[in-house]
Amino acid sequence: YIFNLGRGSASAFTFELLDLVLAQIRYSIPEELEHGAFVGNIAEDLGLDVAKLSARRFRIVSGAKKQFLEVNLENGILFVNEKIDREELCERSPSCFLHLQVVIENPLELYRVEVEILDVNDNSPSFPWSEFNLDITESAAPGSRFPLESAQDQDVGTNSLRSYQLSANEHFVLNIQTRNDGSKFAELVLDTPLDREQQKKHEMVLTAFDGGSPERSGTALITVTVLDANDNVPVFDRSVYRASLVENAPRGTLVLKLNATDLDEGSNGEVTYAFSGHAPLKVRELFSVDPYTGEIRVKGIVDYEKASVYELYVQAKDRGPSAVAVHSKVLVDILDVNDNAPEVILTSVSTPVQEDAPAGTVIAVISVMDRDSGENGNVDCQIPSNVPFQLHSSFKNYYTLVTSEFLDRETVSEYNITLTARDLGSPSLSTRKTIVVQVSDINDNPPRFSQPSYTVYVTENNAPGASICSVTAFDPDSNQNAYLSYSILEGQIQGMPVSTYVSINSDNGNIYALRSFDYEQLRNFQILVQAQDAGFPPLASNVTVNVFVLDQNDNAPVIVSPLPKNGTVASEVVPRSVDAGYLVGKITALDADAGQNSRLSYQVLQATDPGLFSVALYTGEIRTIRRLVERDATRQRLVILVKDNGQPPLSATVSIVLTVVDSVPESLSDFGDLTLSPQPPSNLALYLIVSLSTISLIFLVFKKSNLNLQISSAAKVPTNCMEVNGNSSLSQSYCYKVCLTPESAKSDFMFLKPCSPGSTPRNNEAKSAENSWNAQNNLTNYASRAKARLSHYTIHNVSRSIIDEKWQMAGLGETGEDFERGGGKEKEGAQGHGWTETWAACRSAPALSSECEEREREREKDRDVASYLSSKNEKRRGEIEGGGRNETRRGEIYGGRMSTSVFSNSNRRGSRP
């Protein structure tokens, strides 16, 4: 049958906790059923879907020590799991129940199930002893009663002890009595007087029967010994004694004192006390009777929860012969004390719980009980307030533990919740139960690197495969969500994939160089490292690793100048007349390293005369230490050591042969364009200046200009300048730069530009000529043309420059070489004004006719000069082809001036710079 406590019943009680629906169901089964015996279809009785029992975690929870009953989740049948002995489970209690709780989830539902264990007649009545001895005086009067030992039957109800039967005899009959609890005991009643002289002993069989079916019985032999007469028996002062005793009274506590008197004297009047034969064994275990004083004291542990009252049957008899025992009853009421702490039973625990579980998630279902009665048995439960959980009471003595907020495993991964159950007794007793709730992880935290960025310094020429650094990330999640793998994101370094430069260990974040770095090729680069966990979905974080390549002194200095020519040592000439401090030359070297590794120092390693020349420590300039004297060798050899400042330092050497001469010859220098020391110009220079002056005068006379000639010379400036200033409206200042080689006083004289802008021209032709001049300042084009066409001798260069100047001013083309190339043909100039156009302009403007005629005459003179120089040039070329020496000067443009660098072409037959 089912006691329905759910909704819809008029007499029902409704308890709601979340989705909890409560009901109570009861079954009755006999004891001693075998394993698998059917109890009931609990799923059908509760209206549950059998197919969902497993999914909803259907289970039963019992407070018993053994799991007597179990449920088949496939069909919902409740069956006997272990044989049930009602006498062991409930002792002699008139009713016996197994209390079960049925718990199912999704939603959570809780049912009470009571299974009544019915008694079966499986125990026969039994006597404490198989034989009883009674001493009865022959003077005993008929009707005298003699209590007999009671038989015990563990069964209850109708299966318990029902009656006694005495075998047939002449003197005794049986009287059956019933106690307050319904149990029966027998008394032997003397029916006819005894005569010891006729028969000293009488033997009878006492049989006890129960009410079961089939009926069971037990027997005992009674032997009666007839004694001589002792005509007075002890008498109790009360027929029934009553006392109260608190439970758990200590051993030896006095319950009460019996009192019986005997009118006889001597031994016949001395009274002794004892339990009657039919006193239950349990009573004998809990209490004791002093045989001489009659004091009843506590012998065992008295528990109110087991019995609230005890019946003690006692007897008193004298010590005379043929003593007769008299009997009395003692009732002991047990008073309850708060001696049982509450018991906490975890009916259901759902752990671990996910950290993102919503508030109200059920963690555990808890039941409490207290075996005490009254206020001592009322229980209240509490949990600490500093945990994210709450305790809800569903109905009396039943609680549920639920979450009150979201959990965070990274903050607290496990909660030890102490549940305190306290009764309302005085003093109050309590029980603490710790519920361990583990919080399961979800992947809610991305990896975090130990640094916001990494800076790594790697020395160049590192070994490929070596570790250069390690990145470390931490994920506060656990297990798979905290397992990290490292990778390098795709990118490029100098146009190559980053994977060709570095690699990373995916497990520990160690970064390895896949190649040897070269500081001179790659000084720094960036890589992007990603750490990703193994959660689902995975989370990742990135960090930048800045790698700086440190320089190593792995490049020796390289000598740039002077350089050996055709296997010969570089040479230089030094005039004997130079003073101390004269700049002989300069060593130029480069070092591909950086910083201190590229800082160069110079020193003389070997010298023919160590006291004659020195080299500047940091500039490499070779200078004389003193003036040269006659005894100094004409050939001085220097070995210069160029050393960097690295550790260890690297070095290079260069050898120089210095030739001491009385005057600077026309030899080639291996040092390039060096500053000349002050010396008087040679005859050739004088001839050049005179030629220049003559031509300039002719030009200026043609212009009807006043002449101011200035020649400036600087000792340490490789050019000489001449300024021609005219006072007419068309006058301009022109700068002529004379470039002298270190070995020779010969000059390359080249026209560059006006030193200052001229005055406003009188006509458009003059303005066109000026624009043509400005156009010629395009240094790149001019240098390329000059390098391609200038002749190999200095005098030719000077004349050609002058011709170019005049040619341009006449508006006849770009340079004089146009005349040579074109054979005197008319050619378009730099500004688009060819001679034909210029001549046409002259014809169309009568005011300019005289100017045009002067230009025509000047043009004829230039043609004659060009023709002469062309023939001389061919002659020189022939000499060169014949194997002679050739000095060639190349015009190079530096900023806004023209300089020449001298190169040696000795022993190079037919070489053309």
- request: Dump the intermediate steps for side-chain contact (heavy atoms from CB on, under 4.5 Å) on Leu658 and Val573, then the final yes or no.
  value: CA-CA 6 Å; Leu658 302 178; Val573 295; over 6 Å; no
Polar side chain donor-acceptor pair, [X] to [Y], under 3.5 angstrom:
{"X": "Asn524", "Y": "Tyr519", "value": "no"}
{"X": "Ser467", "Y": "Asn510", "value": "no"}
{"X": "Asn461", "Y": "Asp554", "value": "yes"}
{"X": "Asn445", "Y": "Asp475", "value": "no"}

Would you say [X]'s side chain and [Y]'s backbone share a donor-acceptor pair under 3.5 angstrom?
{"X": "Thr459", "Y": "Leu550", "value": "no"}
{"X": "Tyr602", "Y": "Lys643", "value": "no"}
{"X": "Gln530", "Y": "Ser487", "value": "no"}
{"X": "Thr608", "Y": "Arg637", "value": "yes"}
{"X": "Ser598", "Y": "Ala592", "value": "no"}
{"X": "Asp644", "Y": "Pro649", "value": "no"}
{"X": "Ser541", "Y": "Pro447", "value": "yes"}

query: Taking the six-membered ring for Trp, are Phe449 and Tyr454 parallel (under 30°), tilted (30 to 60°) or perpendicular (over 60°)?
result: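 The rings of Phe449 and Tyr454 stand perpendicular, inter-plane angle above 60°.
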- prompt: Are Asp518 and Arg523 close enough for a salt bridge, meaning some N to O gap below 4.0 Å?
  reply: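 No salt bridge links Asp518 with Arg523.
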field: Salt-bridge criterion met for Asp632 and Arg626 (N-O under 4.0 Å)
entry: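 The answer is yes: the pair qualifies as a salt bridge.
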Closest non-hydrogen atom pair between Val502 and Ala513, with its separation: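 Looking at all heavy atoms of both residues, the shortest contact is CG1-CA, 4.3 Å.
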task: Mind listing the closest non-hydrogen atom pair of Arg576 and Val629 along with its distance?
output: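 That would be NH1-O, 2.8 Å.
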task: Verify whether the ring centers belonging to Phe517 and Phe525 lie closer than 6.0 Å.
output: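 Yes.
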task: Give the C-alpha distance, both sets of side-chain angles, the deciding distance and a yes or no for side-chain contact (heavy atoms from CB on, under 4.5 Å) between Val545 and Val471.
output: CA-CA 9 Å; Val545 179; Val471 297; 4.0 Å; yes
field: Candidate pair Val657 and Arg635, rule side-chain contact (heavy atoms from CB on, under 4.5 Å), full reasoning
entry: CA-CA 7 Å; Val657 175; Arg635 185 179 177 84; 3.2 Å; yes
message: Using 0.5 Å steps for rounding, measure from the CD1 atom of Ile488 to the OG atom of Ser503.
response: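 So the gap between those two atoms works out to 6.5 Å.
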message: Checking Phe613 now: which residues fulfil ring pair (Phe, Tyr, Trp, His ring centres under 6.0 Å) with it, not counting sequence neighbours?
response: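 Once residues adjacent in sequence are excluded, Phe613 has no partner under the ring pair (Phe, Tyr, Trp, His ring centres under 6.0 Å) criterion.
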message: Checking Glu520 now: which residues fulfil side-chain hydrogen bond (donor to acceptor under 3.5 Å, both in side chains) with it, not counting sequence neighbours?
response: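 Expected list: Asn555.
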Per the side chain to side chain contact (heavy atoms under 4.5 Å, CB included) rule, which among [options] passes with [X]?
{"X": "Ile559", "options": "Val654, Thr588, Leu590", "value": "Val654"}
{"X": "Ile527", "options": "Val543, Ile511, Asn546, Thr544", "value": "Ile511"}
{"X": "Leu605", "options": "Val642, Thr653, Ile640, Val615", "value": "Thr653"}

task: Starting from the C-alpha separation in whole Å, work towards a yes-or-no answer on ring pair (Phe, Tyr, Trp, His ring centres under 6.0 Å) for Tyr501 and Tyr512.
output: CA-CA 9 Å; Tyr501 283 80; Tyr512 302 91; over 10 Å; no
